[in-house]
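In what follows, a single structure is set out as structure tokens and then discussed.
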Amino acid sequence: MDATPRTKLVLVRHGQTDSNAAGRFQGQQDVPLNRIGRSQADAVAERLVRMKPARVVTSDLLRAHATAEAIAGASGVGVTIDERLREIHVGSWQGRTSVEVAAENPWFEDALAAGRDFRRSETGETAAEAGERVAAALSDLADAHPLETTVVVGHGLALRVGMSLFLGLGMEASFALSGLWNCSWTILDHNGRWRLQSYNNVVVGHAGPLASPSSR
């Protein structure tokens with residue numbers, strides 16, 4: 001087995017929230033983990049200890065930060081905040097269900113089904129805009145911490161699109177990937193070039209909703 005040190009980014013989606021369970025857009029709303037989410041965070045923390053992370057970097061939103069604290073505490077490392085890791089901003093859709101949004105925006109379901117990018121309400125972001133800021137954060141972390149493992153805790157859509165752009169796969173690849181489970185982890189590693197080592201791993205019995213509306 002190759003034990004050569006490599007630069008690794010371990011991307012973790014936050015644990016479940018009540019809004020996830022209800023299928024509501026959260027965006028950048030500061031929603032806490034629910035009981036299931038806290039259990040998921042503890043479970044993934046126990047699993048990621050084996051990877052010996054050097055640090056944990058997280059979105060500042062409460063659901064991500066609480067997940068990061070569980071991981072960092074189990075691994076005995078510190079937590080750093082990077083606001084670029086926030087979820088896509090959904091503006092006036094925040095707190096609403098996809099059914100409610102579709103009723104006022106007849107194009108919504110067709111755009112999702114076709115894999116087209118679009119602005120999440122007149123005051124929100126596009127998936128590309130959210131992904132670009134996350135990709136920039138990932139690039140900075142990779143450059144700053146070569147040959148180490150960094151855990152990055154964030155959100156469903158922002159991490160998925162950001163990862164795709166970081167790897168040079170483009171927006172179409174991000175729409176082809178499945179949504180991220182709550183408290184799933186995805187591993188990117190560098191061995192001459194960046195590669196997707198594994199995607200959307202979960203601790204058995206601890207998977208939550210696959211994707212809230214904002215993470216599609």
Side-chain angles (χ1 to χ4, degrees), residues 7-15 17 20 25-31 44 48 53 55-68 71-72 79-91 93-94 115-121 123-145 148-190 194-201 210-216:
T7 308
K8 288 190 177 182
L9 298 175
V10 182
L11 313 183
V12 179
R13 186 189 177 199
H14 62 80
T17 68
N20 286 149
F25 285 95
Q26 293 177 110
Q28 297 183 3
Q29 186 178 23
D30 220 2
V31 180
V44 77
L48 296 190
R55 69 195 52 79
V56 178
V57 183
T58 182
S59 155
D60 62 326
L61 297 178
L62 185 59
R63 58 193 185 272
H65 193 272
T67 304
I71 297 168
V79 174
T80 302
I81 290 173
D82 189 331
E83 293 183 4
R84 292 177 296 177
L85 297 172
R86 284 185 173 196
E87 180 59 297
I88 186 171
H89 181 38
V90 298
W93 294 359
Q94 186 171 286
R116 297 196 303 270
D117 195 8
F118 54 89
R119 191 165 299 282
R120 272 63 175 177
S121 86
T123 55
E125 289 181 297
T126 65
E129 289 168 344
E132 285 165 2
R133 57 177 165 77
V134 171
L138 296 180
S139 181
D140 288 348
L141 286 170
D143 289 345
H145 306 292
E148 293 182 339
T149 296
T150 298
V151 172
V152 181
V153 184
H155 307 265
L157 182 144
L159 280 180
R160 177 165 52 90
V161 179
M163 173 201 75
S164 298
L165 297 180
F166 172 76
L167 293 174
L169 301 177
M171 288 294 298
E172 288 188 7
S174 72
F175 292 134
L177 292 169
S178 66
L180 294 170
W181 292 95
N182 285 121
C183 269
S184 67
W185 70 93
T186 293
I187 302 174
L188 313 181
D189 78 349
H190 189 273
W194 282 100
R195 64 173 185 168
L196 177 60
Q197 186 186 87
S198 65
Y199 182 75
N200 216 12
N201 308 282
L210 179 62
S212 63
S214 61
S215 64
R216 299 181 191 176

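The CG atom of Leu196 sits 5.5 Å away from the CE atom of Met163 when rounded to the nearest 0.5 Å. With rounding to the nearest 0.5 angstrom, the CZ atom of Arg13 is 9.5 Å from the NE2 atom of His155. Remark: Ile88 CD1 to Leu157 CG distance equals 5.0 Å, nearest 0.5 Å. Distance CG/Leu85 to CG/Asp60: 9.0 Å, rounded to 0.5 Å. Taking CG from Asn20 and CH2 from Trp181, the interatomic distance works out to 12.0 Å, rounded to the nearest 0.5 Å. If you take NE2 on His65 and OG1 on Thr58, they are separated by 6.0 Å, rounding to the nearest 0.5 Å.
By the side chain to side chain donor-acceptor pair (under 3.5 Å) test, Ser139 pairs with no residue at all, sequence neighbours left out. Contacts of Glu129 classified as salt bridge (Lys or Arg N to Asp or Glu O under 4.0 Å), with partners at least two apart in sequence or in another chain: Arg119. Remark: Asp189 engages Arg6, Arg195 in a salt bridge (Lys or Arg N to Asp or Glu O under 4.0 Å) (not counting sequence neighbours). With sequence neighbours excluded, the residues satisfying side chain to side chain donor-acceptor pair (under 3.5 Å) with Ser121 are Thr123. Arg84 is linked by a salt bridge (Lys or Arg N to Asp or Glu O under 4.0 Å) to Asp82, Asp140, counting only residues two or more places apart in sequence or in another chain. In this view, His145 satisfies the ring-ring contact (aromatic ring centres under 6.0 Å, His included) rule with no residue, not counting sequence neighbours.
What you find for Ala142 and Trp194 is that their closest heavy atoms are CB-CZ2, 3.4 Å. Annotation for Cys183 and Val44: closest pair O-CG2, 3.6 Å, computed over non-hydrogen atoms. Across Leu62 and Asp30, no two heavy atoms sit closer than the pair N-OD1, 2.5 Å.
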| request: Decide side-chain contact (heavy atoms from CB on, under 4.5 Å) for Val134 and Val161; before the verdict, give the C-alpha distance in whole Å, the side-chain angles of both, and the deciding distance to 0.1 Å. | output: CA-CA 8 Å; Val134 171; Val161 179; over 6 Å; no
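A donor-acceptor contact under 3.5 angstrom links the side chains of Arg55 and Thr150, judged on distance only.
A distance-only check finds a donor-acceptor pair linking the side chain of Arg160 to the backbone of Ser174 [under 3.5 Å]. Side-chain atoms of Arg120 come within 3.5 Å of backbone N or O of Phe118 as a donor-acceptor pair. Listed for the Arg63 side chain is no donor-acceptor partner under 3.5 Å among the backbone atoms of His14. A side-chain donor-acceptor contact under 3.5 Å links Asn200 to the backbone of Gly179. Within the 3.5 Å criterion, the main-chain N or O of Ala158 finds a donor-acceptor partner in the side chain of Glu87. Using a distance-only test at 3.5 Å, with no hydrogens or angles considered, no donor-acceptor pair links the side chain of Asp117 to the main chain of Thr126.
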